[in-house]
4 protein chains.
Amino acid sequence: MGEPNTKNALIESAIRIFQQKGFQMTRVSDIVSDAGVSQGTFYNYFRSKEEVFREICNDFIDQVQKKFIERTEHMFDGDTSAEVVGNVHQVVRDLFKIYHDNLDVAELLFREGIGNGGIFKEIYEGMLAIFLELIEEQVQKAVHRGFIHIEDAQIGSVFLFGLFERSLLYFMLIQKTADLDKLERVMVEFILKGLSFDYNFKI
Amino acid sequence: MGEPNTKNALIESAIRIFQQKGFQMTRVSDIVSDAGVSQGTFYNYFRSKEEVFREICNDFIDQVQKKFIERTEHMFDGDTSAEVVGNVHQVVRDLFKIYHDNLDVAELLFREGIGNGGIFKEIYEGMLAIFLELIEEQVQKAVHRGFIHIEDAQIGSVFLFGLFERSLLYFMLIQKTADLDKLERVMVEFILKGLSFDYNFKI
Amino acid sequence: MGEPNTKNALIESAIRIFQQKGFQMTRVSDIVSDAGVSQGTFYNYFRSKEEVFREICNDFIDQVQKKFIERTEHMFDGDTSAEVVGNVHQVVRDLFKIYHDNLDVAELLFREGIGNGGIFKEIYEGMLAIFLELIEEQVQKAVHRGFIHIEDAQIGSVFLFGLFERSLLYFMLIQKTADLDKLERVMVEFILKGLSFDYNFKI
Amino acid sequence: MGEPNTKNALIESAIRIFQQKGFQMTRVSDIVSDAGVSQGTFYNYFRSKEEVFREICNDFIDQVQKKFIERTEHMFDGDTSAEVVGNVHQVVRDLFKIYHDNLDVAELLFREGIGNGGIFKEIYEGMLAIFLELIEEQVQKAVHRGFIHIEDAQIGSVFLFGLFERSLLYFMLIQKTADLDKLERVMVEFILKGLSFDYNFKI
DNA sequence: AATGAATGAGAATTCATTCAT
DNA sequence: CATGAATGAATTCTCATTCAT
């Protein structure tokens with residue numbers, strides 16, 4: 001009783017405090033006092049501070065990955081350029097939403113996942129690998145279907161990822177005032193043009 | 001480049017160790033033993049561990065910023081599209097070189113600058129602001145000259161920055177095997193097309 | 001020997017784990033998980049970890065003491081030297097058996113009883129006192145009957161105890177390969193000669 | 001400066017406190033406050049509480065071993081029984097002295113060396129092996145020279161060790177009132193008789 | 001300038017014990 | 001009787017920083 005509640009409370013507090021103070025500066029005592037449980041209770045659920053962090057990140061990545069697959073697999077679907085453009089918009093909008101819905105953990109991962117002496121390097125790089133592969137696959141498909149063109153699909157997918165990730169980091173987490181509709185519009189146009197999209201194709 | 005004095009030795013050691021272990025995991029004792037001086041000596045030159053880090057980052061940013069200005073201020077110069085394309089290539093190549101020449105500190109800054117509970121958030125965000133402003137300025141100029149187009153120059157400059165930074169992070173620091181000529185080619189094409197560059201303009 | 005109830009299970013587990021890990025390194029959680037009951041159940045039977053240990057030791061000492069009295073009180077009985085020698089052999093053999101039958105607790109007590117910051121000093125020293133007194137009594141009796149001789153019976157009984165205890169510790173617990181028949185033979189001879197036994201006496 | 005003093009102070013305090021409270025119950029804070037230095041200083045000299053203990057024990061064993069070799073190697077020297085008896089007395093007296101001079105560490109080792117979940121089992125057993133070997137060697141030599149007799153020299157040396165160690169433990173550390181002259185006299189007689197010493201031999 | 005021993009606040013983690021169910 | 005989540009005191013060890021020499 002209280003079992004899953006306590007663990008959830010700890011996870012939620014951990015996310016909140018990690019986000020505020022960063023992993024290294026967060027004390028287990030901060031987490032437990034935020035969660036309203038005792039110091040020892042923490043260790044009934046997690047072996048260490050690092051373990052909560054990993055658990056949070058992995059949960060997030062799993063969940064986002066699943067949604068990401070659902071959304072992106074129809075990214076360049078469509079028989080006419082208008083349909084494709086519509087789908088790309090839809091995908092970008094969906095991804096914004098996923099990101100926005102998980103803003104706290106996303107921030108945590110993007111901020112913390114890189115530094116910290118490489119403790120979480122593997123987590124960030126693992127996530128990067130997963131997403132790059134998924135994006136590349138879609139880009140390849142569209143290249144084969146002939147309505148976009150890029151010399152190297154892997155490079156292209158790194159561009160798309162960088163473009164997307166840094167934009168959201170910048171506009172959602174740093175500036176915190178984002179006109180998401182506009183961002184979506186500008187991004188879709190930039191991407192499609194960058195990928196030499198054929199705005200007049202029809203199968 | 002400077003005289004091989006104690007302070008330089010400490011800075012070089014600090015860069016090396018920070019890069020290997022990250023800021024938080026680096027011990028002052030690691031730095032001094034790498035530099036071959038005693039623990040106390042460190043504090044004759046720096047008030048704290050944080051101070052060396054700031055000094056390293058700020059030196060890097062100052063230096064890169066200067067080069068960056070030099071290079072980018074002629075980014076979209078030229079009276080014909082061919083000249084502009086040539087200049088863009090030149091700028092991208094130069095930036096690659098700057099990044100490559102400072103790979104150690106660049107990695108340090110990009111890896112550490114974000115996390116760490118916001119200690120260095122300000123450094124990273126300061127740097128981001130500087131570069132975004134410089135890029136935006138160039139983009140604006142080119143938009144006014146009429147041969148590129150983008151709905152919002154700030155958004156565009158974030159795209160360019162993200163594109164560039166994450167690509168170099170990925171190919172230079174993670175994959176570690178980069179065909180820089182190809183990357184340059186693909187990047188320039190992607191950027192110019194993304195910015196609706198008029199490949200046929202002539203003044 | 002008892003009913004296979006929870007308390008016995010806990011005691012048996014406690015003996016096993018204490019023996020493996022020592023008192024201090026044994027966790028109550030080790031004991032209960034070995035016994036297959038929950039953490040709380042332990043405290044329905046024992047007030048503390050120390051209490052199980054005391055209970056185990058005291059049970060052992062009581063039981064051994066009883067047997068020890070039975071056996072030793074006829075140690076030097078007999079009207080001829082041959083009878084006495086036979087009885088001494090019998091006693092030594094019996095004591096070996098007691099020790100062997102209780103090897104686990106014996107080890108526990110001899111290993112743990114001394115150290116641990118004196119927590120169990122009293123237990124070990126109490127046991128020592130009991131056995132030394134019993135031995136001394138027998139030695140006195142034999143001295144009075146005139147067929148052994150020793151300047152100080154207390155010192156002699158300490159010798160006998162040390163001789164016996166360390167031998168069994170060494171051969172049973174450290175070397176683990178003991179030719180008990182030989183050990184018995186050598187020990188009886190050593191003891192009797194050491195005590196200036198008159199191999200030719202007859203009443 | 002202060003360097004060896006601090007370390008020595010810590011070792012002396014450690015011996016004192018370990019002896020009073022036992023290894024497990026001793027806190028590093030007890031040691032440092034007794035030594036009058038700060039908590040951190042302890043860790044400039046020892047990696048852990050265990051390390052001081054090992055260092056203390058090993059120093060003691062090394063030192064005692066050296067003296068023990070010096071003394072025992074002439075244990076059964078002599079051309080007449082009287083000379084041998086004299087030598088045995090001398091050796092026993094010397095060993096009492098070594099033990100007495102190092103009473104604090106001896107107590108520490110004999111009390112703590114055994115228990116503690118086997119952490120220091122190896123230390124105690126290592127020491128035991130060393131001393132048993134040295135004793136056995138002397139016993140063998142005397143057996144070959146023909147004036148003592150024992151069926152098994154190894155068993156005999158375990159007897160001698162047990163006899164000696166437990167006596168000193170009992171009379172010096174537990175009873176704390178020992179008539180050492182008498183103990184020596186009784187012990188030498190017991191040992192020699194136990195070993196079937198030929199009180200009339202002459203070469 | 002250089003040294004390096006000393007400092008001590010601070011953090012993570014452990015585990016015997018309690019108690020409401 | 002049994003349970004097991006919760007507790008929190010207690011302890012070890014770390015490491016940036018100071019300062020007398």
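Chain A is the first sequence line, chain B the second, and so forth, proteins listed ahead of strands; every chain is numbered from 1. Below, each value reflects all heavy atoms present in this structure, side chains not excepted, and no hydrogens, waters or symmetry copies. Keep in mind the model is a prediction, meaning the values are calculated, not measured.
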### Query
Between Phe42(C) (CZ) and dC1(F) (C1'), how many Å, whole number?
16 Å
### Message
Expressed as a whole number of angstroms, how long is the span from Tyr43(C):OH to dA16(E):P?
### Response
6 Å
### Message
What's the closest nucleotide to the side chain of Val28(B) if the choices are dA2(E), dT17(F), dT17(E)?
### Response
dT17(F)
#### Entry: Separation of dA16(E) C1' from Tyr45(C) OH (nearest whole Å)
19 Å
### Query
Does a distance-only test, which skips hydrogens and angles, find a donor-acceptor pair under 3.5 Å between the side chain of Asn44(A) and the base of dA6(F)?
yes
### Message
Below the 4.0 Å mark, does dT11(F) have OP1 or OP2 next to a side-chain nitrogen or oxygen of Ser29(D)?
### Response
no
### Summary
The nucleotide from dA6(E), dA9(F), dG8(E) with an atom nearest the side chain of Gln39(D) is dG8(E)
### Task
List the steps, then state whether side chain to side chain contact (heavy atoms under 4.5 Å, CB included) holds for Ile11(C) with Tyr45(C).
CA-CA 10 Å; Ile11(C) 288 182; Tyr45(C) 294 97; over 6 Å; no
### Query
Lys21(A) NZ to dA11(E) P: how many Å, rounded?
9 Å
### Query
Sub-3.5 Å donor-acceptor pair from the side chain of Lys49(C) to the main-chain atoms of Phe23(C), do we have one?
yes
### Task
Take the protein atom CD of Glu50(A) and the nucleotide atom C1' of dT13(E), then report the distance between them rounded to whole Å.
14 Å
### Task
Quick one: label Phe46(D) by what it contacts on the DNA or RNA (base, sugar-phosphate, nothing), any heavy atom closer than 4.0 Å.
nothing
### Message
Counting the atoms with a prime plus P, OP1 and OP2 as sugar-phosphate, which does Thr26(B) contact under 4.0 Å by heavy atoms, base, sugar-phosphate, or nothing?
### Response
sugar-phosphate
### Message
Between C1' on dC1(F) and CG on Leu10(C), what's the gap in Å once rounded to a whole number?
### Response
13 Å
### Query
Does a nitrogen or oxygen in the side chain of Arg27(A) sit under 4.0 Å from OP1 or OP2 of dG10(E)?
no
### Message
Applying the Watson-Crick and G-U wobble criteria at under 3.5 Å, what pairs with dA11(E)? Answer none if nothing qualifies.
### Response
dT12(F)
### N/O (side chain, Thr41(D)) to phosphate O (OP1/OP2, dT7(E)) under 4.0 Å
yes
### Query
Rounded to the nearest Å, what distance is computed from the CD atom of residue Glu51(B) to the P atom of nucleotide dA16(F)?
15 Å
#### Entry: Rounded interatomic separation in angstrom, taking CD1 from Ile31(A) and C1' from dT13(E)
14 Å
